Amino acid sequence: MMIERCEYQSRRQRLAEYLQDDSLCLIPAAREVTRSRDTHYPFRQDSDFYYLTGFHEPDAVLLLLKRQGKTTSVLFCLAKDPAAEIWHGRRTGPAKAKEQVGVDHSFPLQQLPEQLPEYLAGCRQLYFAQGSYEHIDALVFACLEQQRQAGKKGQRPPGTLIDIREHLHEMRLIKSSAEVSLMRRAADISTDAHKRAMCFARPGRYEYQLEAELHHEFALQGARHPAYGTIVGSGDNGCILHYTENQSPLKDGDLILIDAGAELMGYAADITRTFPVNGRFSEAQAQLYQLVLDAQLAAFEEIKPGSTLVRATEAAVVVITRGLLDLGILSGSLEGNLAEKTYRQYFMHGLGHWLGLDVHDVGDYKVEGEDRPLEPGMVLTVEPGIYIPADADVDPKWRATGIRIEDNLLVTVDGHENLTAAAPKEIQAIEALMAGSR
Ligand code: GLY
Ligand code: MN
Ligand code: MN
């Protein structure tokens, strides 16, 4: 399962259509990042560069040159180097990369400083994401300065620098069918991992052991890296939204909140499930849990073309506020509580976000000041939660309870498809799965 070369070519073509004539667009790859002496973090390609090339090597640079309506694509990448490759791994090299990426020309990276001024000559606009990579800023600004100095000879650097991200990120917001296939696979792998963690949980086991189960399942199915730091928070830890310590023992009677998703060929899944350590929800846990689930399902009703994430949020907020009133956790009128947004004490994050190559994917949430209408091909999370910490001023039975339920929804022409529907979330389904594993 992969994205075909022609799809990358057509993405570059679409981007080029947006460029003004006599312009150059420069998109850099990511760099290796040192973790500690002589070791690096696992390499993660820059999402914009990857979206346009599918090329997974560090330090490369893609240029799109547009002149008289015609676009030329050029890739600069690491040169073949047998000695370096023995130590650090194979390199594609410019010749093979040209074929693989389907660009018009390719050159060794070390030629970029001398060739960039030639590509820039006569360009009126330069499109690039300033501030993203210091070394690219330095290279580009040195090149522009050089052209200014040469101004006496009739050369002039581009007068306009345009941030390419705005347009590129609009493209990334709408997923192609090939992208959806990859996201569906990332969702399936992540679903299997969540089920595995549910089956493994027991009092006395540790949060990090559940993390290990999740990552084991990801890797077994070809997704070697999680899309973000895995959260396994039991009891009060579930109330820390970005808890990644994952060190505590699991206690009988606690809930566990797991927020974990695999990354597959760059694409993220982002699933949260909450379940009891001992396999059975207590009555109080079940009441709060059902409330979060009802809120999520109410929000799902608004995930359809023409509706908005804000409307989905409003639907969830009404359910949560009414439920917290019914349970006696909030007091007063529904209208008064909605007006005061009192639910924010217990549900303090957004309902969801775009999902794609980045877990918090790109794309504006407002268009010309208005909430963005949902469109087919968008993928987003819907993740309401209720978090009542151990020291909350409520009946003790509610305390130390963090609940979030998060699914990944593809907007379709007539509504949505839940890509993560197979991860159990009905109370009975969770209890049945866990009972079967004991
Ligand atoms: N896992 C990060 C989030 O849910 O947004
Ligand atoms: Mn999320
Ligand atoms: Mn999440």
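As the structure is a computational prediction, the values presented were derived from the model and not from experiment. Just so you know, ligand 1 is whichever comes first in the structure, and atom 1 is the first atom listed for that ligand.
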**Item:** 2.8 Å cut-off met by an N, O or S atom of H360 to the Mn ion (ligand 2)
**Value:** no

**Message:** For Y208 and Y206, take the angle between the two ring planes, folded into 0 to 90°, and tell me which bin it lands in: parallel under 30, tilted 30 to 60, perpendicular over 60.
**Reply:** parallel

**Prompt:** So W354 and Y365, would you call those rings parallel, tilted or perpendicular, with 30° and 60° as cut-offs?
**Reply:** parallel

**Ligand-side contact atoms (ligand 1) for residue partner D259, heavy atom cut-off under 4.0 Å** = 1 (N), 2 (C), 3 (C), 4 (O)

**Item:** Salt-bridge criterion met for D407 and R273 (N-O under 4.0 Å)
**Value:** yes

**Atom indices of ligand 1 within 4.0 angstrom of H360 heavy atoms, with elements** = 2 (C), 3 (C), 5 (O)

**Request:** For the Mn ion (ligand 3), find the closest N/O/S atom on E406 and give its atom name.
**Result:** OE1

**Item:** For atom 3 (C) of ligand 1, closest protein heavy-atom neighbour
**Value:** D270 OD2, 3.3 Å

**Complete:** Per-atom filter on ligand 1: closer than 4.0 angstrom to a heavy atom of E406 are 4 (O)

**Request:** Find, among atoms of D270 that are N, O or S, the one nearest to the Mn ion (ligand 3), and state its name.
**Result:** OD1

**Asked** Could a heavy atom of H242 be found less than 4.0 Å from some atom of ligand 1?
**Response** no

**Prompt:** Quick one: are the ring centres of F218 and H216 less than 6.0 Å apart?
**Reply:** no

**Prompt:** Is the H56-F43 ring centre distance short of 6.0 angstrom?
**Reply:** yes

**Item:** Cationic tip of R11 above Y51 ring, under 6.0 Å, 45° of axis
**Value:** yes

**Request:** Take L65 and V74, measure what side-chain contact (heavy atoms from CB on, under 4.5 Å) needs, and give me the verdict at the end.
**Result:** CA-CA 8 Å; L65 177 69; V74 188; 5.8 Å; no

**Prompt:** What is the name of the N/O/S atom in E383 that sits closest to the Mn ion (ligand 2)?
**Reply:** OE2

